[in-house]
Protein chains: 2
Amino acid sequence: MEKINAIAALSALGQETRLDVFRMLMRAGPGGVAAGDLAERLGVRSNTLSTHLAVLVRAGLIASEREGRTILYRADFDGTRALIGFLVGDCCADRPELCAPFITGLSGALPAKAGS
Amino acid sequence: MEKINAIAALSALGQETRLDVFRMLMRAGPGGVAAGDLAERLGVRSNTLSTHLAVLVRAGLIASEREGRTILYRADFDGTRALIGFLVGDCCADRPELCAPFITGLSGALPAKAGS
DNA sequence: TTATCTTTTCCATGATTCGAGAATTATCGA
DNA sequence: TCGATAATTCTCGAATCATGGAAAAGATAA
């Protein structure tokens, strides 16, 4: 991931409504959620949400697909992984030994309720 | 990490100068870099840099310590790990199986030139 | 104390962002 | 085609942010 893409992704997530959208879509899984449902669940006007969704799409964090009259939004897992990879990898490029704790300690960040 | 802290950290990094500062400090390692050196290396006025540094400190991504006349800034590894933990963990809280690929695929993001 | 160096704070300005109303586009059913 | 539904685009006011000049604050040395 290029720096400019990382900036787009980070600033996209650095806004409450957009972070809420992203987390909701991550939780919703590959099935995605319609724009209208997102607006209702989050209590945001549809036009406002639409601009936020466009920002997230441009940032490569979510993707959209028309489903009849509605438009489904789903999290873009590749884009998300690329962002995390940028944070973990590129930011420590010259000192991989400093990044080891990030990875080894990461399992602790997971709820780990899915046995093993 | 609370959502509000994550927003602060993400928006802090979603700005080119601050991302540059953060990456430079990550590369510099625990020794840190003086504010003046950062300003010179990045070609940013000292007062402008100072405000950016304050934002990063508030976000918990870097820390400062006075060293005689100068002030050393260094990356806050715990804060950084908390942010990555938030992205990997909290955003996938209900679906750890979706987050597995983040972790398993993460080693690929590292240069991995430090043998072992 | 005085001079100097380093960094921060204050303040003003220009640019960007957010949110909302209104209008527009796209799709489906009758 | 017409009407209804769903989402986006347009536009603007308010708020926030980035930047830099000037001044202030903290620390060292003479």
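FYI, side chains are in, hydrogens and waters are out, and symmetry mates aren't considered; it's all heavy atoms of this structure. Numbered from 1 within each chain, the chains take letters A, B, ... in sequence-line order.
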Query raised in the report: 5' to 3' on DNA chain D, which nucleotides open and close the contacts with chain B (atom under 4.0 Å from a heavy atom)?
Result: D/dA18 to D/dT28
Requested in this report: Treat primed atoms plus P, OP1 and OP2 as sugar-phosphate and everything else as base, then score nucleotides 5-17 of chain C 5' to 3': B for base contact with protein heavy atoms under 4.0 Å, S for sugar-phosphate contact only, - for none.
Outcome: BSSBB--------
Report summary line: Sorted by chain and number, sequence neighbours left out, side-chain hydrogen bond (donor to acceptor under 3.5 Å, both in side chains) with B/E67 holds for none
Query raised in the report: Sequence neighbours excluded, which residues qualify as side-chain hydrogen bond (donor to acceptor under 3.5 Å, both in side chains) partners of A/E16?
Result: B/K3
Query - Qualifying side-chain hydrogen bond (donor to acceptor under 3.5 Å, both in side chains) pairs with a residue from residues 52-64 of chain B, counting only residues at least two apart or across chains - result: B/R18-B/H52
Requested in this report: For residues 29-47 of chain A, pull every pair meeting side-chain hydrogen bond (donor to acceptor under 3.5 Å, both in side chains), keeping only residues two or more places apart or in separate chains.
Outcome: none
Query raised in the report: Among the clusters formed by ILVMFWY side chains lying less than 4.5 Å apart, do A/L19 and A/I84 turn up in the same one?
Result: yes
Query raised in the report: According to a 4.5 Å side-chain heavy-atom criterion applied to Ile, Leu, Val, Met, Phe, Trp and Tyr, with indirect links allowed, do B/Y73 and B/V33 form part of one hydrophobic cluster?
Result: yes
Query raised in the report: Hey, does the side chain of A/T80 reach the backbone of A/D76 with a donor-acceptor pair shorter than 3.5 angstrom?
Result: yes
